Amino acid sequence: EEMLVPLTNKRIHIIFPSMGQWLASAVAACFRGFGYHADPVPVPDYETLMLGRGNASCKECLPLILTTGSLLNYLKTQRDKNELLLYFMPSTGGSCRFSQYAVYLNRLIKKQQIHNVALMTLSSENGYAGLGAAKSLKIIRGVIIADIMADINNTITILAADRPAAKELIAKLWQKIIHCLSTTSDDTIYTTLSEVAETLRRVPLRYPLSRARTVYLIGEIYVRHDEFSCQSLTE
């Protein structure tokens, strides 16, 4: 039986597939800042991969298998039976296989008769419209912050004089940023970012970034950012 429920309803829980832990947690935090109940799913693991493969022909690309497995793993291990679940899955036009993700997952939900689960699908064809311009800009800001922090983390991993201490520091600073993105006010984010930048500037390095060799990972987001797909290559 179909029903209409506003996104702000307390029963609605929006979950985000892993797009790398930085990006997924930032986008989920932005949605919490809009007043929604939102969380990222855990970084995929071997069980996620097997669940995805068990519900696919195994000819599909790895991201489709992992996003499918992530949804099924959440339903199996973490779901609150009283919640109305929305799985965030954007789409696009043209011939890219990405346009089929939402189609595939909708058919899977229908085939397995999974109740009170639906997709939240925004499309690039209309600039991901649906949430409004103000919310879209805040999400874009969160994505940019996540990208930069991921790059900083990769840099610190190589250059920091005390790597464990530097990684611990970044984790603490990231939680401060997530807290700011999760609030409904924009007043603190830029102040917080300035403080984070100044703190990171003082991290002792073995040698300056200008002397570091750079290796570029080129490809779509799972190739570059998802920790399981990369098999911790950047580490």
Side-chain angles (χ1 to χ4, degrees), residues 16-33 38-46 48 61-63 66-67 70 88 90 98 124 128 134-183 185-235:
F16 296 84
S18 174
M19 299 166 279
Q21 59 178 333
W22 303 91
L23 181 56
S25 59
V27 174
C30 290
F31 272 72
R32 291 196 297 274
D39 292 293
V41 300
V43 174
D45 56 16
Y46 185 74
T48 310
C61 60
L62 179 62
L66 291 179
T67 51
S70 291
F88 185 78
F98 184 47
S124 64
Y128 302 107
K135 288 185 175 68
S136 296
L137 288 172
K138 288 181 180 180
I139 293 170
I140 291 170
R141 181 180 64 188
V143 168
I144 293 171
I145 291 171
D147 261 356
I148 292 172
M149 287 299 292
D151 286 343
I152 290 172
N153 179 69
N154 291 342
T155 302
I156 290 293
T157 299
I158 301 302
L159 298 184
D162 186 341
R163 296 182 190 180
K167 298 277 280 186
E168 183 178 348
L169 174 63
I170 286 183
K172 291 179 179 178
L173 295 174
W174 181 239
Q175 289 309 308
K176 290 182 64 175
I177 293 173
I178 288 295
H179 175 74
C180 288
L181 294 176
S182 299
T183 63
S185 172
D186 282 345
D187 296 340
T188 59
I189 184 62
Y190 293 109
T191 300
T192 297
L193 289 175
S194 295
E195 293 172 355
V196 167
E198 180 60 26
T199 301
L200 290 170
R201 188 181 67 82
R202 296 196 296 268
V203 173
L205 303 179
R206 293 187 294 136
Y207 50 85
L209 179 61
S210 59
R211 287 176 47 202
R213 296 179 182 273
T214 303
V215 177
Y216 287 105
L217 289 179
I218 305 299
E220 53 87 72
I221 194 165
Y222 273 74
V223 173
R224 292 180 284 114
H225 286 302
D226 179 66
E227 290 81 7
F228 180 77
S229 300
C230 291
Q231 293 291 286
S232 301
L233 180 61
T234 55
E235 294 290 325

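Excluded from the calculations below are hydrogen atoms, water molecules and symmetry mates; all remaining heavy atoms, backbone and side chain alike, are included. Since the model is a prediction, treat every value here as computed from it, not as a measurement.
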Non-neighbouring partners of [X] that pass side chain to side chain contact (heavy atoms under 4.5 Å, CB included), sequence neighbours left out:
X	answer
T183	H179
S229	L62, L66, Y222, D226
C61	P63, L64, R97, Y101
D45	E47, T48

With sequence neighbours excluded, tell me which residues meet salt bridge (charged side-chain N to carboxylate O under 4.0 Å, His left out) with R224.
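For R224, no residue satisfies salt bridge (charged side-chain N to carboxylate O under 4.0 Å, His left out) once neighbours in sequence are set aside.
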Listed by chain and number, what are the salt bridge (charged side-chain N to carboxylate O under 4.0 Å, His left out) partners of K135, not counting sequence neighbours?
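Checked K135 against salt bridge (charged side-chain N to carboxylate O under 4.0 Å, His left out); zero matches.
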Taking only residues two or more places apart in sequence or in another chain, which ones pass ring-ring contact (aromatic ring centres under 6.0 Å, His included) with F88?
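With sequence neighbours excluded, F88 shows a ring-ring contact (aromatic ring centres under 6.0 Å, His included) to F16, F31, given in chain and number order.
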Over all atoms of both residues, closest heavy-atom pair of [X] and [Y]:
X	Y	answer
T192	C180	OG1-SG, 3.1 Å
V41	S70	CG2-CB, 4.0 Å
A28	A38	O-CB, 3.7 Å
P17	A24	O-CB, 3.8 Å

Got a second to check how far [X]'s [atom1] is from [Y]'s [atom2], nearest 0.5 Å?
X	Y	atom1	atom2	answer
D162	I156	CG	CD1	11.0 Å
I148	T155	CD1	OG1	11.5 Å
I189	S194	CD1	OG	10.0 Å

Which residue pairs pass the salt bridge (Lys or Arg N to Asp or Glu O under 4.0 Å) test when at least one of the two sits in residues 190-199, sequence neighbours left out?
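Sorted pair list: K176-E195, E198-R201, E198-R202.
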What residue pairs, at least two apart or across chains, pass salt bridge (Lys or Arg N to Asp or Glu O under 4.0 Å) with a residue in residues 21-33?
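Every pair satisfying salt bridge (Lys or Arg N to Asp or Glu O under 4.0 Å) with a residue in residues 21-33: R32-D39.
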Side-chain heavy atoms of V143 within contact of L23, under 4.5 Å
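Counting from C-beta outward, V143 and L23 do come under 4.5 Å.
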Can you list every ring-ring contact (aromatic ring centres under 6.0 Å, His included) pair that touches residues 138-178, not counting sequence neighbours?
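Of all non-adjacent pairs touching residues 138-178, those that pass ring-ring contact (aromatic ring centres under 6.0 Å, His included) are W22-W174.
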Would you find a donor on one side and an acceptor on the other, under 3.5 Å apart, between the side chain of Q21 and the backbone of E227?
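Between the backbone of E227 and the side chain of Q21 there is no qualifying donor-acceptor contact (under 3.5 Å).
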Could you give the side-chain donor-acceptor pairs of residues 164-172 under 3.5 Å, partners two or more places apart or in another chain?
| unit_1 | atom_1 | unit_2 | atom_2 | d |
| --- | --- | --- | --- | --- |
| K167 | NZ | N153 | OD1 | 3.2 |
| K167 | NZ | T157 | OG1 | 3.1 |
| K167 | NZ | E235 | OE2 | 3.2 |

Kindly list each side-chain donor-acceptor pair under 3.5 angstrom involving residues 203-213, sequence neighbours excluded, with atom names and distances?
| unit_1 | atom_1 | unit_2 | atom_2 | d |
| --- | --- | --- | --- | --- |
| R206 | NE | I158 | O | 3.3 |
| R206 | NH2 | I158 | O | 2.5 |

